[in-house]
Amino acid sequence: MDKRNNKLELLGNAPVPKALMALGIPIMIGMLINALYNLVDAYFVGGLGESQMGAISIVFPLGQVVVGLGLMFGNGAASYLSRLLGRGDKNRADKVASTALCSSVLTGAVLILVLIIFLKPVLFLLGATETILPYALTYAKIYVISSILNVFNVTMNNIVSSEGAAKTTMCALLLGAVLNIGLDPVFIYTLGLGVAGAAIATTISQFVSALVYLNYVFQGKSVFAFRFKHFDPDREMITEILKTGIPTLTFQLLASLAIALINRAANNYGDAVIAGMGAVTRITSMGTLVVFGFLKGFQPVAGFSYGAKNFDRLREAIRTSILWSTAFCIAAGVLMAVFSARIIAGFTEGNMEMISVGQKSLVANGLSFFFFGFHTVYSSLLLAIGKGRAGFFLGACRQGICFVPVILLLPLIWGMDGILYAQPAADLLSAMITVFVAISVHREFAV
């Protein structure tokens, strides 16, 4: 009981910088390592050839779509759970946590079944070429099915984070990531399994992460009591979960759509361009996941403070999160821009076209990354305090409302360069929109 009270004390009374670091840093480290193993996946597969590298780039959005269901129920529940804990409604919180977990796994299983049945046409739709398709099919059959484990992990990640148990999330992500990094070269090269080996290594790693969360639940360490009898959805509960969850799912779908649109546009220029853009996506995802990880610590503090009507604490959390996340984004963006050629060269056996494409894109993405923290703090804040519509709009800007028109129009005007600079252009537009949203939020909370 003392541990549970300590978690609530951290959310409600600890100094804001201490709470943000205690909650955000462990998740940030875990997600950074998680992003690193995605990057290492691409690094090892890149050694097999551009078609193989292109294959995992094509398949990547499918896994993200499935994981989006975990995010919908997990993040949707997390926002509600933080507010329930702030109000002291423990019984209701138990029902919400159990219902969200069961719902995410069931809907994830249904979606995976549909994707497997229609796998080949889906891969063509995502931009697979004839040379990429055989490798994409091999990788996807394992990767997509194993995504059910990731649905469970992502849902638990969000629920556990909402109660302030950031170290458990870090351990789950860290253990899975380190294992995946170690298994990749063994399965891909030592056992000669190629792209299938990369998918198998990922599956094993996700399974181990799931065991960490199961151990946490079964040992009674969670604030919440997960029980099948607590699966009791009602209209208010579903509304509260989906109010935040649907925007979160939409963000994930938009991220997958963005990758798919880039791959389809790059399809006209060959496997090397698809592979180069795929490498850039994996690299920039390291930076975005660090910010998302840190803001996983910000969200329960914001939600708890809002639920408890402690607006002074909420205002301080907003200011501190903007400062810290922006400082990181500037540092990371500079590194991406300055070392772009060397970074991209690590993903190919000397294909100069892939290096040239990746370098130009990474420089532009690095510079536009400066604004990512500012944008994400406000989209996270709105979701954390239950303002789903506003959070949906702002979160959908970067890879949806702004990105889709840009990726459809720029290549027509600018050719291949239009593909390379589409995401940076969308980032700049999103940052400008965030300024106006921030002004509105500042007025409401008198920041």
Side-chain angles (χ1 to χ4, degrees), residues 26-27 29-38 40-41 60 62-78 81 96-113 115-116 140-163 165-184 187 197-228 230-231 245 248-249 252 289 292-293 296:
I27 302 175
I29 292 172
M31 294 190 78
L32 175 61
I33 299 297
N34 197 45
L36 180 61
Y37 88 66
N38 281 327
V40 171
D41 244 11
F60 187 66
L62 288 184
Q64 299 305 294
V65 168
V66 177
V67 169
L69 293 173
L71 285 171
M72 178 176 73
F73 288 103
N75 203 39
L81 288 168
V96 171
S98 300
T99 299
L101 182 60
C102 291
S103 300
S104 67
V105 173
L106 289 173
T107 53
V110 172
L111 178 58
I112 287 171
L113 179 62
L115 288 175
I116 291 298
K141 287 175 182 176
I142 303 170
Y143 179 75
V144 173
I145 292 174
S146 70
S147 293
I148 191 64
L149 293 169
N150 216 7
V151 170
F152 173 83
N153 291 338
V154 167
T155 306
M156 286 299 298
N157 177 314
N158 283 273
I159 292 175
V160 169
S161 297
S162 74
E163 62 177 286
K167 289 183 180 178
T168 298
T169 295
M170 181 186 73
C171 289
L173 292 172
L174 186 61
L175 186 58
V178 171
L179 186 60
N180 191 83
I181 292 170
L183 291 178
D184 259 345
F187 282 97
I200 293 170
T202 299
T203 301
I204 295 173
S205 304
Q206 290 173 353
F207 177 73
V208 171
S209 293
L211 291 179
V212 174
Y213 288 121
L214 289 172
N215 179 68
Y216 178 76
V217 171
F218 289 143
Q219 288 197 0
K221 296 179 180 179
S222 176
V223 168
F224 309 115
F226 292 88
R227 302 286 188 273
F228 284 114
H230 289 156
F231 179 80
T248 304
L249 172 63
Q252 191 76 357
L289 286 176
F292 284 138
K296 285 293 182 186

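Heavy atoms only: backbone and side chains are in, while hydrogens, waters and symmetry mates are out.
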If every non-hydrogen atom of [X] is compared with every non-hydrogen atom of [Y], which pair is closest and at what distance?
X      : Y      : result
Val66  : Ser147 : CG1-CB, 3.7 Å
Tyr143 : Ala199 : N-CB, 4.1 Å
Ala201 : Leu183 : CB-CB, 3.8 Å

I want to check something: taking the side chain as every heavy atom from C-beta on, are Leu81 and Ile159 in contact at a cut-off of under 4.5 Å?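 Leu81 reaches Ile159 side chain to side chain.
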
Answer yes or no: is there a side-chain heavy-atom contact under 4.5 Å between Phe73 and Val151?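 Sidechains of Val151 and Phe73: no contact.
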
Spatial distance of atom [atom1] ([X]) from atom [atom2] ([Y]) [nearest 0.5 Å]:
X      : Y      : atom1 : atom2 : result
Leu175 : Asn180 : CG    : CG    : 11.5 Å
Phe231 : Ser103 : CZ    : OG    : 4.5 Å
Thr155 : Tyr213 : OG1   : OH    : 10.0 Å
Leu249 : Leu71  : CG    : CG    : 8.0 Å
Leu62  : Ile112 : CG    : CD1   : 10.5 Å

Could you tell me whether the side chain of [X] and the main chain of [Y] form a donor-acceptor pair under 3.5 Å?
X      : Y      : answer
Ser205 : Gly176 : yes
Ser104 : Leu101 : yes
Asn153 : Gln206 : yes
Asn75  : Gly245 : no
Asn158 : Val154 : yes

Evaluate Met156 against Val217 for side chain to side chain contact (heavy atoms under 4.5 Å, CB included), listing each step before the verdict. CA-CA 10 Å; Met156 286 299 298; Val217 171; 3.6 Å; yes

Under the criterion side chain to side chain contact (heavy atoms under 4.5 Å, CB included), I'd like the reasoning laid out for Val105 against Ile148: C-alpha separation, chi angles, the key distance, then a yes or no. CA-CA 7 Å; Val105 173; Ile148 191 64; 4.2 Å; yes

Side chain to side chain contact (heavy atoms under 4.5 Å, CB included) assessment of Ile200 paired with Ile142: CA-CA 7 Å; Ile200 293 170; Ile142 303 170; 4.0 Å; yes

